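Following: one structure in structure tokens, then a few remarks.
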Amino acid sequence: MEIVNPNAAILTNYEVMAALKNMKSNKTKYGLRNLATITYETVQYLEDTACKEQTQVGIVEFLQAMKQFNLTKNECLMMVNDPPSSPLHIQLMIEDSDERLTEEQVTRILELAAKLRLPPETAGSVSADDGR
């Protein structure tokens, strides 16, 4: 097997959950006996993660804001799937973060990640409060 485009298959947990829910609601038989169980178990797991509260718009805004930090696609994907909550969390996700990011940048990433973790209606009110 040859990998033609290695970046074509990178999906966020939110996208996987949406696709599985769509597949589940579609009720089409895919010919795999255990697919329903796998789909159910995966959706149950994902609903206990940060992607349950995320929106497509919120993810796009987060990724746009992350461009200023010159992070790799995989580093951004990890932050979308598991938004960091501390500087240590960022160190675990970003290779050589202490050399690549300043303390101010780490603080800004934590602020952006906090907005990503909030429910959509709360995140909008937080961003409006930022401009006091």
Side-chain angles (χ1 to χ4, degrees):
M1 177 168 65
E2 180 181 338
I3 298 175
V4 178
N5 185 353
N7 292 329
I10 294 178
L11 297 173
T12 64
N13 287 351
Y14 172 81
E15 292 168 318
V16 171
M17 187 171 73
L20 290 176
K21 284 183 175 182
N22 183 33
M23 210 163 83
K24 203 165 98 174
S25 67
N26 201 359
K27 303 238 187 244
T28 305
K29 300 294 180 197
Y30 289 97
L32 296 175
R33 208 168 98 189
N34 295 326
L35 183 61
T37 302
I38 293 168
T39 301
Y40 174 79
E41 293 289 332
T42 305
V43 168
Q44 291 303 308
Y45 167 76
L46 290 173
E47 286 186 343
D48 289 336
T49 65
C51 72
K52 180 180 180 183
E53 302 295 335
Q54 293 174 344
T55 64
Q56 189 172 8
V57 172
I59 292 171
V60 170
E61 288 175 0
F62 178 78
L63 292 174
Q64 290 294 326
M66 289 289 102
K67 286 184 180 181
Q68 65 183 313
F69 302 110
N70 296 322
L71 302 176
T72 66
K73 287 181 182 180
N74 287 334
E75 290 168 341
C76 290
L77 178 69
M78 284 189 288
M79 283 198 263
V80 168
N81 288 340
D82 184 19
S85 56
S86 70
L88 176 61
H89 203 167
I90 290 176
Q91 282 184 333
L92 296 172
M93 291 180 173
I94 300 174
E95 188 175 338
D96 299 326
S97 67
D98 53 338
E99 297 170 6
R100 292 171 53 198
L101 300 171
T102 65
E103 287 184 36
E104 293 81 21
Q105 288 174 319
V106 169
T107 303
R108 181 68 181 136
I109 290 172
L110 291 173
E111 290 170 359
L112 293 167
K115 288 181 188 176
L116 187 62
R117 281 193 305 270
L118 293 174
E121 60 278 354
T122 310
S125 63
V126 168
S127 62
D129 290 344
D130 289 344
R132 288 185 211 179

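This structure is a prediction, so every number in the text was calculated from the model and none was measured.
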Any side-chain heavy atom of [X] within less than 4.5 Å of one from [Y]?
X      : Y     : value
Lys52  : Leu46 : no
Met17  : Leu20 : no
Leu110 : Pro87 : yes
Leu116 : Met79 : no

Among residues at least two apart in sequence or on other chains, which ones pass side chain to side chain donor-acceptor pair (under 3.5 Å) with [X]?
X      : answer
Glu111 : Arg108
Thr12  : Glu15
Glu95  : none
Glu61  : none

In Å and rounded to the nearest 0.5 Å, what is the [atom1] to [atom2] distance from [X] to [Y]?
X      : Y      : atom1 : atom2 : answer
Ile94  : Gln105 : CD1   : CD    : 9.5 Å
Ile90  : Met93  : CD1   : CE    : 8.0 Å
Thr107 : Leu101 : OG1   : CG    : 10.5 Å
Tyr14  : Gln56  : OH    : CD    : 5.5 Å
Asn13  : Met78  : CG    : CE    : 12.5 Å

Worksheet item: Would a hydrophobic clustering, with Ile, Leu, Val, Met, Phe, Trp and Tyr connected at side-chain separations under 4.5 Å, put Val16 with Tyr45?
Response: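 Yes, because Val16 and Tyr45 connect within a single hydrophobic cluster, where side-chain heavy atoms sit under 4.5 Å apart.
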Solution key, residues 63-72 side-chain donor-acceptor pairs under 3.5 Å, sequence neighbours excluded:
from	atom 1	to	atom 2	distance (Å)
Gln68	NE2	Ala65	O	3.0
Thr72	OG1	Glu75	N	3.1
Thr72	OG1	Glu75	OE1	3.4

Item to complete: Kindly determine whether Asn81 and Thr49 satisfy side-chain contact (heavy atoms from CB on, under 4.5 Å), including the steps that lead there.
Response: CA-CA 8 Å; Asn81 288 340; Thr49 65; over 6 Å; no
Worksheet entry | Nearest non-hydrogen partners of Pro84 and His89, listed with the distance |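 Result for this residue pair: CA-ND1, 3.3 Å.
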Practice prompt. Determine the minimum heavy-atom distance between Ala113 and Pro83, stating which atoms define it.
Written response: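 Closest approach of Ala113 to Pro83, heavy atoms only: O-CB, 3.8 Å.
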Item to complete: Please identify each residue that fulfils side-chain contact (heavy atoms from CB on, under 4.5 Å) with Glu103, with sequence neighbours left out.
Response: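 side-chain contact (heavy atoms from CB on, under 4.5 Å) check on Glu103 returns nothing, list empty.
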Discussion item. Can you confirm whether Glu47 is buried at CD, in the sense that more than 12 heavy atoms of other residues, nucleotides or ligands lie under 6.0 Å from that atom?
Written reply: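 Yes.
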